[in-house]
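What you see below is based on every heavy atom in this structure, not just the backbone, and it leaves out hydrogens, waters and symmetry mates.
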Amino acid sequence: MKILVINCGSSSIKYKLYEMDDKSVLAAGGIEKIGLEGSFLKTKINGETKIIESPCPTHTEGIKLMFDTLLNPVYGAIKSLDEISAAGHRIVAGGRFTKSQIVTDEMLQEWKQYMELAPLHSDAHLKGYVAVKEMLPNLPQVFVFDTAFHQTMPAKAYMYAVPYKYYEQNNIRRWGAHGTSHRFVTARVCEVLGVKPEDVRIITCHIGNGASVSAVKYGKCVDTSMGLTPLEGLVMGTRSGDIDPSAVLSIMKKENLNPDQMSDLLNKQSGVKGISGISSDIREVEAGIREGNERAKLAMEMYDYRIKKYIGAYAAAMGGVDIVVFTAGVGEHQWDVRQGACEDLEFMGIKIDAEKNKANCGEEEIISAPDSKVKVVVVPTDEELLIASDTLDLVK
């Protein structure tokens, strides 16, 4: 069976087509600048990048361009759209949905009440679903929710200490994000180490431009660093992470900012970019450190320190930790971030093998020292494969 995985952003569509018999990727690409001039599709054919320029004023044209590319007689992957058995969509905010769902009219209406939790993402997800349905009305479609993995959190972890009516009336609570990635690496690290999820306490660190840490106790998520939105928690590329609400109010008053302007400041102008004054790209910030830039150095110290704080907090929340996992762009490829996040944690059984860690750049590997009580492992994430697998399980 062939499963198409789709991830729609506000101005982009990423896709992968899987042959699920052997879990191979038949085709992959992305459409960028949807709704803007100069929109194009980028894909790899025989190892070479191909750019296909085409107007895409809406997601509908983007989805059509994707299907046309998959069907192209020269560089396409299929001869007929009938070869696609189902489509799985990455959905950022799923609210109270605890598992992936086949999309029905009833399910869609229930999900729409949570769209405001991720307004930029949710609207794009819906457009992608509708565009596929317009072209292939009988194709089964599945929503795989980034928040679903975190719905096992107890109320003491997901509630905010504000008047209870805001939870009841406005869904104000901690929902988390990156759950598909946290779920994938939780299962995968247990396979690598030959253990059962229900026997171990795992801290999963999804560290990229957006970043989050989750506490997974005996197979269930009991806490995660992102909250109502992906703004809470770690210092990120452009997001502030945890901040005193009074600091937010103070900035708004002094700068005369409205809520939308303040949201833009916290989500797009803060984090590593805001502190370093250089970039949200960790590689560029590290280049600044090598040139002696003190603000770049401070940004990275804050970035690493916040990860360490959450590792320590979640070890306490679970009564200990057996495994720490690093994944995503930075977690997989930046040895110095892994080192900084685990520094001085020997007292709780975390001891990195410095040489292994420094040599690892995205390979699946145990990087803790042989005498470390806690296993520290690099596990490349594969959210798309998990979305494809969930889709297959639901439509078989």
Side-chain angles (χ1 to χ4, degrees), residues 2-10 12-20 23-31 44 66 86-94 97-101 103 117-118 120-122 124-125 128-129 132 141-152 175-192 197 202-214 216 221 224-226 229-230 233-234 236-237 325-333 362-364 377-395:
K2 295 180 178 66
I3 301 293
L4 180 64
V5 175
I6 300 171
N7 180 0
C8 287
S10 57
S12 66
I13 300 171
K14 297 177 183 176
Y15 68 89
K16 277 189 179 180
L17 180 65
Y18 285 89
E19 173 52 72
M20 295 307 291
K23 296 181 180 178
S24 60
V25 178
L26 300 177
I31 301 107
K44 278 196 173 182
M66 174 191 71
H89 296 259
R90 181 208 176 201
I91 306 296
V92 169
F97 284 105
T98 60
K99 57 186 178 180
S100 303
Q101 301 277 330
V103 184
L117 297 174
L120 291 177
H121 294 94
S122 298
H125 298 328
Y129 163 76
V132 172
Q141 296 192 68
V142 169
F143 278 8
V144 180
F145 307 104
D146 262 6
T147 46
F149 184 62
H150 304 307
Q151 299 317 300
T152 51
W175 295 103
H178 295 146
T180 307
S181 176
H182 289 291
R183 178 159 64 107
F184 178 86
V185 298
T186 292
R188 181 57 192 158
V189 78
C190 289
E191 291 175 4
V192 171
I202 307 172
I203 295 173
T204 51
C205 305
H206 177 106
I207 312 299
N209 197 269
S212 61
V213 178
S214 289
V216 186
C221 179
T224 193
S225 59
M226 286 181 166
T229 73
L234 303 180
M236 299 175 232
V325 183
F326 286 96
T327 193
V330 176
E332 293 170 25
H333 298 98
E363 292 81 31
E364 189 174 80
V377 191
V378 176
V379 178
T381 191
D382 197 337
E383 297 163 89
E384 292 87 358
L385 178 57
L386 187 53
I387 292 170
S389 298
D390 274 12
T391 302
L392 177 66
D393 290 343
L394 285 168
V395 303

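Across Arg183 and Ser100, no two heavy atoms sit closer than the pair NH2-OG, 4.2 Å. Residue Lys2 comes nearest to Leu26 through the heavy atom pair CE-CD1, 3.5 Å, listed as atom of the first residue, atom of the second, then distance. Between His178 and Ala211, the shortest heavy-atom distance links the atoms CE1-N, 3.7 Å. For the pair His150 and Ser214, the tightest heavy-atom approach, listed with the atom from each and the gap, is CE1-OG, 3.3 Å. Between Phe97 and Gln151, the shortest heavy-atom contact is O-CG, 3.6 Å. Looking at every heavy atom in both residues, Cys8 comes nearest to Ala124 through CB-O, 3.4 Å.
With values rounded to the nearest 0.5 angstrom, Glu364 atom CD is found 10.0 Å from Glu332 atom CD. With values rounded to the nearest 0.5 angstrom, Met20 atom CE is found 6.5 Å from Ile3 atom CD1. Between the OG1 atom in Thr186 and the CD1 atom in Ile203 there is a gap of 11.0 Å [rounded to 0.5 Å]. Rounded to the nearest 0.5 Å, atoms CG (Leu17) and CG (Leu4) are 6.0 Å apart. In this structure, CZ on Arg188 lies 16.0 Å from OG1 on Thr204, to the nearest 0.5 angstrom. One finds the CE atom of Met226 at 7.5 Å from the CG atom of Leu234 (value rounded to the nearest 0.5 Å).
Under the rule for a side-chain contact (heavy atoms from CB on, under 4.5 Å), the partners of Ala118 that lie at least two apart in sequence or sit in another chain are Val92, Ala93, His121, Ser122. Remark: Tyr129 engages Phe143 in a ring pair (Phe, Tyr, Trp, His ring centres under 6.0 Å) (not counting sequence neighbours). Here Glu363 pairs with nothing under the salt bridge (Lys or Arg N to Asp or Glu O under 4.0 Å) rule; sequence neighbours left out. With sequence neighbours excluded, the residues that form a side-chain contact (heavy atoms from CB on, under 4.5 Å) with His333 are Cys361. Scanning for side-chain contact (heavy atoms from CB on, under 4.5 Å) contacts around Ala187 gives an empty result, with sequence neighbours left out.
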What donor-acceptor contacts under 3.5 angstrom involve side-chain atoms of residues 380-389, with partners at least two apart or in another chain?
residue, atom, partner, partner atom, Å
Thr381, OG1, Ser181, OG, 2.9
Asp382, OD1, Leu385, N, 3.0
Ser389, OG, Leu385, O, 2.9

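A donor-acceptor pair is defined here as one N or O able to donate and one able to accept, closer than 3.5 Å; such a pair exists between the side chain of Thr147 and the backbone of Gly94.
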Given the rule in the side chain to side chain contact (heavy atoms under 4.5 Å, CB included) test, do Tyr18 and Val25 qualify, once you have shown the distances and angles that lead to the verdict? CA-CA 5 Å; Tyr18 285 89; Val25 178; 3.6 Å; yes
Are Val5 and Arg90 close enough, and set up right, to give a side chain to side chain contact (heavy atoms under 4.5 Å, CB included), and what steps lead you there? CA-CA 8 Å; Val5 175; Arg90 181 208 176 201; over 6 Å; no
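In summary, the side chains of Ser212 and His182 do present a donor paired with an acceptor at a separation below 3.5 Å, with no hydrogens or angles considered.
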